[in-house]
Every structure is written in C-alpha cells, then in structure tokens.
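All heavy atoms count here, side chains included; hydrogens, waters and symmetry mates do not.
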Amino acid sequence: MIGKQIKYFRLQKQAKQEELAEYLGVSYQAVSKWETGASDPDISLLPGIAIFFGISIDELFELPYEEQMKRIENMMLNERRISPDTFDQAISFLEERLKLDPKDLRAIGNLASLYNHRARSDHELASDYAQKVLEMDPDDKGGWVDFLEASGGVCGDEWYDNHFEVIRFFEDLLIKYPGNYSCLYALLENLIADGRYDEALPYIEQIKKAKKNHQYLLYTGDVAFGKGHTEEAKEIWEKMIKEFPDIWQAHCCLGDGYAKLGMYDEAIAAYEKSYDMQKKPRIVEGLCSMAQLHEAHKEYDKAIKDYQRLIDNLKEDYDVTDGEQVDRYVREIARLKGIKKSN
C-alpha cells in the first residue's frame with residue numbers, strides 16, 4: 001500500500017522516480033520496486049520520503065486515492081444509511097483531495113452523490129414519520145406537507161411543484177455549451193413535465209441535430225400527448241421503433257407512452273422487449289416499470305416476480321448479491337407479500 005501512496009504523491013508533485021531516488025540516496029530501480037509493490041522502503045527512509053512530498057509519515061499509510069474512492073462509491077451503493085462519523089470522514093477526504101486538485105471531477109461528483117445519498121436517507125425517515133402522523137390524523141397539515149416533500153409528491157401549489165429553477169439552470173448552461181445533448185435532454189424533460197410545450201419545441205429541433213436517436217420523437221410525442229392529441233402521440237411514439245428498432249431505450253420509452261395511454265398489455269410487452277434485447281450488463285428500467293404497472297393493477301405475484309428478476313439481474317450481470325442494491329428489492333417483495341396476506 002505504501003508504494004501506491006509514494007507513486008500518488010510523486011505524480012501529484014510531478015516528480016520523476018530519479019528525483020526521489022537522488023534525494024533519498026537510493027537507485028531509481030528501488031523507487032520503481034516500491035511503486036509496483038515488489039518491495040517496501042526501509043523504515044529509516046520514511047521521514048525523508050515524507051519531507052520530500054511535504055506530508056506527514058501517517059499520510060503515507062492512509063488508503064491510496066483509488067481505494068478511498070472505490071470505498072466511498074461502494075459504500076453509497078451498498079449502504080442504505082451511512083453513519084454520521086463515516087459520512088464526515090468521507091466528506092473530509094474528498095474536500096482534502098480538492099485542495100490538492102480543485103478540478104478533480106471524480107471527487108466533486110462523489111461529494112454531490114454523498115450529499116444526495118444522505119438526503120435520500122433523511123427523506124426516507126421523514127416520510128416514515130410523516131406517514132405515522134397522517135395515519136393518526138389525516139388532516140394534519142404539517143404531516144401532509146412533510147410527507148409530500150419527503151416523497152417527492154405534488155402538493156398542488158404550481159410555484160412549488162414546478163421545475164422553474166432546474167429549467168433556468170439548464171437554459172443558462174446551454175448558453176455556455178450550445179447544442180449539448182445532455183443539457184438539452186435535462187431541459188426538455190423538465191419543460192415537458194411542467195407543461196411548457198411550446199417552449200420545448202425549439203429545443204426538440206436542437207436535440208434532433210445533437211444526436212441521431214429516438215429522443216426527438218419521444219419528446220415530440222410527449223408534446224402531442226400533453227396537448228391532448230393522444231392518437232397523434234401514439235403514432236409518433238410508435239415511429240420511434242420503426243426508425244430506431246435496435247435501440248433498447250426506444251422500446252422502453254414506447255412502453256412509457258403506452259402506459260400513459262392506458263395500453264397496459266402493450267406497455268408490458270414493450271418493457272419486456274427493452275430488457276430482453278440488451279446484452280449484459282443489462283439496464284433494468286423496463287423491469288422497474290413493469291413492477292409498478294403490475295402492482296398498480298393489483299397483480300402482486302407478477303410484481304413480486306419482477307422484483308425477483310431485478311435481484312437476479314444484480315447477481316448475474318453485476319455480481320452483486322447483498323447490500324442496499326439487493327435489500328431495496330427484498331423490502332419491496334416483503335411489502336407486496338404483506339399486501340397479499342392482508343387482502
């Protein structure tokens with residue numbers, strides 16, 4: 001492990017192996033062996049190594065950058081809730097990395113993900129408590145507001161429920177990155193969600209030019225559907241499959257369209273197709289949508305099978321057999337079995 005740290009700090013310092021070797025009075029081959037793990041430096045050299053890099057000896061024995069990052073990323077995937085001490089340690093490590101390299105995109109991204117993870121955990125707890133309030137008093141305004149906020153529900157106040165700030169952000173970002181597909185994607189999703197259909201139209205033309213895929217047809221259909229032209233929307237969504245039959249996401253989006261139209265069997269078939277046509281590792285959007293549709297139609301056994309397939313997918317495609325990624329689906333299966341038992 002110390003060899004990885006030596007290499008990390010040497011690269012941060014932009015020093016050559018020869019420079020470190022000369023400072024310590026050893027050969028550069030010795031430094032190379034340390035960094036590859038073939039041997040470790042003599043303990044008497046540790047103070048000199050620390051001085052060369054301008055760090056403490058303790059820092060030489062901390063987890064290397066890559067291992068720390070993987071530990072944090074795996075923790076976010078596998079832990080439903082992260083303890084405050086562990087959370088603070090991860091934040092501290094990432095912030096220290098940014099002091100060394102303010103443009104470390106991975107560190108910045110993991111900071112955002114960590115705070116989002118904590119927010120989701122807190123919202124889950126808040127939702128549980130708020131539900132208890134409403135079960136005792138369904139007219140309690142505080143419980144009502146807390147539950148909707150924690151669960152991402154619609155409260156009925158347009159100024160609060162809309163995505164005005166998100167839309168404004170991506171409109172500004174498109175000025176900096178004109179024609180950027182990711183920005184257009186996010187902007188269109190939120191404009192359409194807010195019913196701002198006419199404003200979406202010019203951005204649909206832009207996304208059509210940005211990438212040749214089904215997305216512009218999806219949004220064109222969404223606008224038609226939002227304006228009440230359901231048959232036109234159906235035709236446009238089905239056109240996605242005619243023009244882009246080999247894109248699994250197009251089939252999944254068609255499933256979403258059929259679900260909006262109340263075409264239950266067709267939606268299930270499209271979701272199934274979107275999953276079956278993928279190569280491993282497969283993305284599970286279709287299976288998640290199927291589980292929700294089956295539950296909505298009170299087909300609990302089918303929904304349970306969908307969640308079991310999600311668990312199987314984690315094992316077969318990602319070699320994941322435990323942790324929060326699996327546990328979330330196990331909880332859903334237990335919840336559905338509880339509903340079946342009570343009916």
Heavy-atom donor-acceptor pair, [X] side chain to [Y] backbone, under 3.5 Å:
| X | Y | result |
| --- | --- | --- |
| Asp161 | Gly156 | yes |
| Tyr318 | Arg282 | yes |
| Gln215 | Tyr185 | no |
| Asp140 | Gly142 | yes |
| Ser342 | Ile339 | yes |
| Ser121 | His117 | yes |
| Asn180 | Cys183 | yes |
| Ser92 | Asp88 | no |

Hey, are [X] and [Y] close enough for a salt bridge, meaning a charged N less than 4.0 Å from a carboxylate O?
| X | Y | result |
| --- | --- | --- |
| Glu67 | Lys4 | yes |
| Lys99 | Glu96 | yes |
| Glu124 | Arg80 | yes |
| Arg335 | Glu332 | yes |
| Glu243 | Lys212 | no |
| Lys305 | Glu299 | no |

Geometric cation-pi criterion, Lys13 with Phe52: 6.0 Å, 45°: yes
Has Lys340 got its NZ or CZ under 6.0 Å from the middle of the six-membered ring of Tyr300, at an angle within 45 degrees of the ring axis? no
Is a side-chain donor-acceptor pair under 3.5 Å present for [Y] with [X]?
| X | Y | answer |
| --- | --- | --- |
| Gln89 | Asp85 | no |
| Tyr329 | Asn313 | no |
| Gln278 | Ser274 | no |

Who are the side-chain hydrogen bond (donor to acceptor under 3.5 Å, both in side chains) partners of Asn78, not counting sequence neighbours? Gln325
List the residues meeting side-chain hydrogen bond (donor to acceptor under 3.5 Å, both in side chains) with Gln292, not counting sequence neighbours, and say none if there are none. none
Which residues pass the ring pair (Phe, Tyr, Trp, His ring centres under 6.0 Å) test with Phe147, not counting sequence neighbours? none
[X] atom [atom1]: more than 12 heavy-atom contacts under 6.0 Å:
| X | atom1 | result |
| --- | --- | --- |
| Tyr23 | OH | yes |
| Asp322 | CG | no |
| Lys260 | NZ | yes |
| Lys280 | NZ | yes |
| Asn343 | CG | yes |

If you define the side chain from C-beta out and look only at heavy atoms, does anything of [X] sit under 4.5 Å from [Y]?
| X | Y | value |
| --- | --- | --- |
| Asp222 | Phe225 | no |
| Lys103 | Ile108 | no |
| Leu20 | Ile6 | yes |
| Leu111 | Ile91 | yes |
| Ile333 | Lys337 | yes |
| Asp40 | Trp34 | no |
| Glu171 | Tyr203 | yes |
| Tyr160 | Leu148 | no |

Taking only residues at least two apart or on different chains, which pairs with a member in residues 193-202 satisfy salt bridge (charged side-chain N to carboxylate O under 4.0 Å, His left out)? Arg196-Glu199, Asp198-Lys227
Qualifying salt bridge (charged side-chain N to carboxylate O under 4.0 Å, His left out) pairs with a residue from residues 21-36, counting only residues at least two apart or across chains: Arg10-Glu35
For a side chain to side chain contact (heavy atoms under 4.5 Å, CB included) check, start with the C-alpha distance between Met290 and Arg309, then their side-chain angles and the critical distance, and finish with the verdict. CA-CA 11 Å; Met290 286 169 61; Arg309 290 176 69 187; 3.9 Å; yes
Show the numbers, then the answer: is there a side chain to side chain contact (heavy atoms under 4.5 Å, CB included) between Glu66 and Arg106? CA-CA 10 Å; Glu66 184 65 24; Arg106 189 175 179 186; 2.8 Å; yes
Parallel, tilted or perpendicular, as decided by the 30° and 60° cut-offs, for the rings of His294 and Tyr264: perpendicular
Treating Ile, Leu, Val, Met, Phe, Trp and Tyr as nodes and any side-chain heavy-atom pair under 4.5 angstrom as an edge, say whether [X] and [Y] lie in one connected cluster.
| X | Y | answer |
| --- | --- | --- |
| Leu201 | Leu218 | yes |
| Tyr115 | Phe169 | no |
| Tyr177 | Leu187 | yes |
| Leu105 | Leu114 | no |
| Ile241 | Met277 | no |

Measure the NE2-CD1 distance between His214 and Ile236 for me, rounded to the nearest 0.5 Å. 14.5 Å
So, taking the atom named CD1 in Ile167 and the one named CG in Asn190, what distance separates them when rounded to the nearest 0.5 Å? 5.5 Å
Are the aromatic rings of Tyr219 and Tyr197 close, with centres under 6.0 Å apart? no
For Leu77 and Val320, run side chain to side chain contact (heavy atoms under 4.5 Å, CB included): C-alpha distance rounded to whole Å, both residues' side-chain angles, the deciding distance at 0.1 Å, then the answer. CA-CA 10 Å; Leu77 283 173; Val320 174; over 6 Å; no
Indicate every side-chain donor-acceptor pair of residues 244-259 with a distance under 3.5 Å to a residue at least two apart or in another chain.
residue, atom, partner, partner atom, Å
His251, NE2, Pro245, O, 3.0
Asp256, OD1, Tyr271, OH, 2.6
Tyr258, OH, Glu238, OE2, 2.7

Asn116 vs Met76, side chain to side chain contact (heavy atoms under 4.5 Å, CB included): CA-CA, chis, key distance, verdict: CA-CA 10 Å; Asn116 266 330; Met76 289 188 287; over 6 Å; no
